[in-house]
Engineer: 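Would you mind keeping the following structure in view while I ask a few things?
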Amino acid sequence: NASCHNNHLGIPAGKGPHQVGCADLMVGHTVQGTFFRLYYPCQTSEASEKPDWIPCREYFNGLADFMKMSRTLSERIFNYLFGSYKIPAAWNASFKPDDKYPVVIFSHGLGAFRTLYSAICAELASQGFVVAAVEHRDESASATFYYQENNEAEQRPHAVHQNFRPISNNLEEEWMYYRALKPGELEFPLRNRQVKQRADECIRALNLLIDINAGKSVENVLQSTFDWTTLENCMDLCRIAIMGHSFGGATVIECLCKEVKFKCGIALDTWMFPLDEEIFPSVKQPIFFINSEKFQWAGNIIRMKKLDSAVIPRKMITIKGTVHQSFPDFTFLTGNWIGKILKLKGEIDPHVAMDLCNRSSLKKPANLIVPQTVAPTSVSAKVSFANLTSLVIFTQVMVSSVKLVI
Ligand SMILES: CCN(CC)CCN(C[C@]12C[C@](c3ccc(C(F)(F)F)cc3)(C1)C2)C(=O)Cn1c(SCc2ccc(F)cc2)nc(=O)c2c1C=CC2
């Protein structure tokens, strides 16, 4: 059957009514600039090509650093395993200005970067959202780039990438790679500093979208054919959510505390460690925690429970048969046995897992009858915030917290 051949591998396209486009925006060429990939509902007309999932080889090098593997060896392995995958979105396709779309800012996990959650982002965009997947410059990403002014730039040959090049040629590309914890270094000060910077970067991305919505012209440091003015007055600024995975889940809590424009947070398998618990009482917005079965330990769950509230809608579900890597795109890209060994897959089919995550974020009832071939291993149990140990697969997860925005 198909499952033993890899022809079914690939990042699933969004299932919603809209075609999905994507474009990169970098405003401010230095490391303090804002950098994100926007996923949005696009015109169906042109079938423009889909961009590479991994934009360039420096990202493979960063992944190698993150995985503590040698760069040369793993660049070949990653290239062989993942080099040909595409993002399920049309590169720089024309924006579809039919509606005022709700906005989601997405924050990636430790060692990830802006393109690795394209299944979630493309699904949201296909349902009629504008999604900005930020790339953090706090040294938690496997790799990210920015530019230095350099008047002697002509002397150094520029690596020419097919997806991006700077608008002026006196800008020289600089790469920032994942920074591992140094021996003897205390982890909390580093992670707390990083989560604060991550929140500032998400808030800057939101403010940039607000400017774009107001029709302000933005100067994209990256040469691109995408016309950002077509987004004018097409974003519903009363419905803005912050969403993130793991370290990005902690970024969700930090953003909710700092910026009231975020109406609610969707935190995927949140890593609570980087957060200072003193900020918890000042988080007033609804939060929806979507957890995997395996990324659960008492300390982490107890901290989430501290955010429980009787007055503010707070929900938590755990999707049985999923693992930490069920949220990023990797979960779709290896055969079953590699996936299980690298802990990129859980027990249930990754498409079902992603479907559950997306449906619960979008408050859509999940089908109770799942075709037997992909039915998760065991019967669901009702979940509530109260008994955290209980696991849910799917019931009608009408999540009031997300209803406000979605
Ligand atoms: C040895 C490395 N050691 C570093 C501290 C721990 C590494 N690790 C477990 C991993 C990531 C894993 C992974 C990726 C990718 C392949 C590949 F082969 F498919 F490329 C394989 C195997 C290795 C599963 C995690 O850090 C888990 N994690 C993550 S994983 C986010 C991510 C990163 C890179 C990706 F390509 C995709 C997703 N985001 C977080 O915010 C947090 C944690 C833990 C606490 C907070």
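The chain is numbered in sequence order, starting from 1. Counting starts at 1 for both ligands and their atoms, following the listed order. Please read all numbers here as calculations on a predicted model, not as lab measurements.
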Engineer: What is the closest protein heavy atom to atom 24 (C) of ligand 1, and at what distance does it sit?
Structural biologist: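 Looking at atom 24 (C) of ligand 1, the protein heavy atom closest to it is Gln325 NE2, 3.5 Å.
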
Engineer: Provide the number and element of each atom of ligand 1 under 4.0 Å from a heavy atom of Gly111.
Structural biologist: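 Listed by number with element, the hits are 33 (C), 34 (C).
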
Engineer: Touching ligand 1 at all, Phe82? Heavy atoms, strictly under 4.0 Å?
Structural biologist: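 Within the 4.0 Å threshold, so yes.
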
Engineer: Please could you name the atoms of ligand 1 that Pro328 approaches to less than 4.0 Å, counting only its heavy atoms?
Structural biologist: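 Near Pro328, meaning under 4.0 Å from one of its heavy atoms, ligand 1 has 38 (C).
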
Engineer: Measure the distance from atom 40 (C) of ligand 1 to every protein heavy atom, then report the residue, atom name and distance (to 0.1 Å) of the closest one.
Structural biologist: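 Answer, as residue, atom name and distance: Ser246 OG, 2.9 Å.
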
Engineer: Is any N or O atom of Phe247, backbone or side chain, closer than 3.5 Å to an N or O atom of ligand 1?
Structural biologist: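 N/O-N/O distance under 3.5 Å: yes.
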
Engineer: Among protein heavy atoms, which sits nearest to atom 6 (C) of ligand 1, and what does the distance come to when rounded to 0.1 Å?
Structural biologist: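 The protein heavy atom lying closest is Phe66 CZ, 4.5 Å.
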
Engineer: Have a look at ligand 1 and work out which part of Leu81, if any, has a heavy atom under 4.0 Å from it: side chain, backbone, both or neither.
Structural biologist: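 Within the 4.0 Å criterion, Leu81 makes no contact with ligand 1.
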
Engineer: Using 30° and 60° as the class limits, which term best fits the ring planes of Phe145 and Phe35: parallel, tilted or perpendicular?
Structural biologist: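 Taking Phe35 first and then Phe145, their aromatic rings stand perpendicular (interplane angle over 60°).
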
Engineer: Around atom 36 (F) of ligand 1, find the nearest protein heavy atom and jot down its residue, atom name and distance.
Structural biologist: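 Going by distance alone, atom 36 (F) of ligand 1 is nearest to Phe330 CE1, 2.5 Å.
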
Engineer: Please determine whether any non-hydrogen atom of Tyr178 lies less than 4.0 Å from an atom of ligand 1.
Structural biologist: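 Within the 4.0 Å threshold, so yes.
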
Engineer: Does some non-hydrogen atom of His324 fall short of 4.0 Å from ligand 1?
Structural biologist: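 Under 4.0 Å: yes for His324.
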
Engineer: Between Arg179 and Asp65 (salt bridge meaning N to carboxylate O under 4.0 Å), is one present in this structure?
Structural biologist: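 Here Arg179 does not pair with Asp65 in a salt bridge, since their nearest N and O are not under 4.0 Å apart.
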
Engineer: As an exercise, identify every atom of ligand 1 less than 4.0 angstrom from a heavy atom of Leu342.
Structural biologist: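 What qualifies from ligand 1 is 18 (F).
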
Engineer: Going by the closest heavy atom to atom 31 (C) of ligand 1, which one wins out of Leu110, Asn300, Leu63?
Structural biologist: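 Selected option, by shortest heavy-atom distance: Leu110.
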
Engineer: Can you tell me if CD on Glu232 sees more than 12 non-hydrogen neighbours from other groups inside 6.0 Å?
Structural biologist: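 Yes - once you tally the heavy atoms of other residues, nucleotides and ligands closer than 6.0 Å, there are more than 12.
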
